Amino acid sequence: MSALCLLAPAKINLSLRIHRRRADGFHELSTRMVPLELADEVRMEVLPGAARGEVRMTCSDESLPCGEGNLAVMAVRALEKVVGLLPGLGLHVEKRIPHGAGLGGGSSDAAAVLRGVRELCGCAVDEAALSGLAAGIGSDVPFFLDGGVCDATGRGELLAPVVGEFPRLRVLLVKLAFGVPTPWAYQQWRTAAKIGGLVYKPQMLDWGTLVNDLERPVFTKYPVLGHLKGRLMALSGVAGALMSGSGSTVFAVMEVGADAAVEAAVEAAVRDEVGEEVWLCWTHTVSRTVGAGAAG
Ligand code: C5P
């Protein structure tokens, strides 16, 4: 096999509770992460003419840097630390998950590269070692390596898979034109105050609880996200709404049976609240990621 194409799903955090800042600067947290049908596509190939250790990366989103700082390239370098220089590789990411969105796109691409390049190059790296490499790249990369609904603790890398089928929930993702830098959101967590009139309290639903401690700092700087959340929560057909991760995506989970007319009304309300310059995406949660496929 000389080429491989894997899907790299997005995620949402249904809950994210922060407990304390650790000595290493990370924050101890508990979070439930759920994969989505929305996914990037990551193509990997061995380049016959290229030198060992060479990585040529391209991306459909030309605003994304494709150099050594890209998490997908970092995943190749992490494997090379264990197995030595790999054959010259081509990586292409067809980007469908917006970045700076709290949807884990970059981390998911990195997990797909870890899995895909290990297979493509026959790297002798077992699952435990791969998971260790994933945690070194980013706190939520191990989650994407696992591929199922997980409760995560530590800085997000310690996973407890949620057993049993998780309901297939209809989800609307809403991302405004700006992204939120994750380190900044965590830095502000301890000191940021709540803004009056915005909803932060847990929403208890049949399938779990929606709550996110990073809403406090992020809504303080971007109240528009808090107002959008409140508007979504009040709409007919919406079971609950929350910011995902460190934002800036706010998502709505629909009630079972909400039809196309209800969804159209929700979309219209979102555009009325935040304007036309917004990225909207209807998707579903999945219990476990499938769809990893060989491209030949
Ligand atoms: O691990 P990751 O690279 O995704 O984290 C990005 C940044 O977010 C970290 O450098 C840190 O500032 C912050 N972070 C944190 N606590 C976590 C996860 C991330 O403070 N549990």
Side-chain angles (χ1 to χ4, degrees), residues 8-36 39-40 42 57 64-79 81 93 95 97-115 129-147 149-161 175 178-192 211-222 225 242-249:
K11 59 85 181 160
I12 48 175
N13 303 76
L14 292 186
S15 62
L16 198 169
R17 307 259 46 176
I18 301 175
H19 307 301
R20 64 184 174 86
R21 188 176 182 279
R22 310 189 324 190
D24 63 6
F26 283 89
H27 291 74
E28 199 69 19
L29 51 78
S30 312
T31 181
R32 171 162 291 189
M33 290 187 276
V34 184
L36 300 176
D40 287 345
V42 183
M57 183 181 170
L64 279 183
C66 288
E68 296 291 324
N70 189 294
L71 296 184
V73 178
M74 285 166 70
V76 175
R77 299 304 177 213
L79 280 169
K81 283 216 179 85
V93 179
K95 209 71 198 143
I97 308 168
H99 58 277
L103 298 174
S107 298
S108 189
D109 296 343
V113 168
L114 285 177
R115 236 183 228 308
L130 203 65
S131 188
L133 295 182
I137 298 168
S139 304
D140 55 6
V141 182
F143 161 76
F144 290 107
L145 213 48
D146 179 273
V149 179
C150 282
D151 288 325
T153 52
R155 60 182 169 87
E157 87 286 23
L158 306 175
L159 302 178
K175 185 187 172 285
F178 59 88
V180 176
T182 303
W184 172 86
Y186 277 100
Q187 268 160 29
Q188 306 302 312
W189 160 74
R190 211 171 49 80
T191 51
V211 64
N212 184 350
D213 285 345
L214 288 174
E215 287 183 339
R216 190 162 39 78
V218 176
F219 288 178
T220 302
K221 179 153 185 203
Y222 304 104
L225 298 179
L242 197 74
M243 184 179 80
S244 184
S246 56
S248 62
T249 300

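Note that the structure is predicted; figures quoted are calculated from it, not measured. Here, residue 1 is the first one in the sequence, and each next residue gets the next number. In each ligand, atom 1 is the first atom listed, and ligand 1 is the first ligand listed. What you see below is based on every heavy atom in this structure, not just the backbone, and it leaves out hydrogens, waters and symmetry mates.
Not one N or O on the side chain of Asp151 forms a donor-acceptor pair closer than 3.5 Å with the backbone of Ala160. In this structure a side-chain-to-backbone donor-acceptor pair under 3.5 Å is present from Arg155 to Ala135.
Under the side chain to side chain contact (heavy atoms under 4.5 Å, CB included) criterion, Leu71 pairs with Met74, Ser107, Ala110, Ile137, not counting sequence neighbours.
Sequence neighbours left out, not one pair with a member in residues 134-145 passes salt bridge (charged side-chain N to carboxylate O under 4.0 Å, His left out). Sorted by first and then second residue, the pairs that involve residues 65-75 and meet side-chain hydrogen bond (donor to acceptor under 3.5 Å, both in side chains), not counting sequence neighbours, are Glu68-Arg77.
For ligand 1, the 4.0 Å heavy-atom shell takes in Gly25, Phe26, His27, Leu29, Gly138, Ser139, Arg155, Thr182, Pro183, Tyr186, ordered by chain and residue number.
Using a 4.5 Å heavy-atom cutoff, the side chains of Phe178 and Leu225 are in contact.
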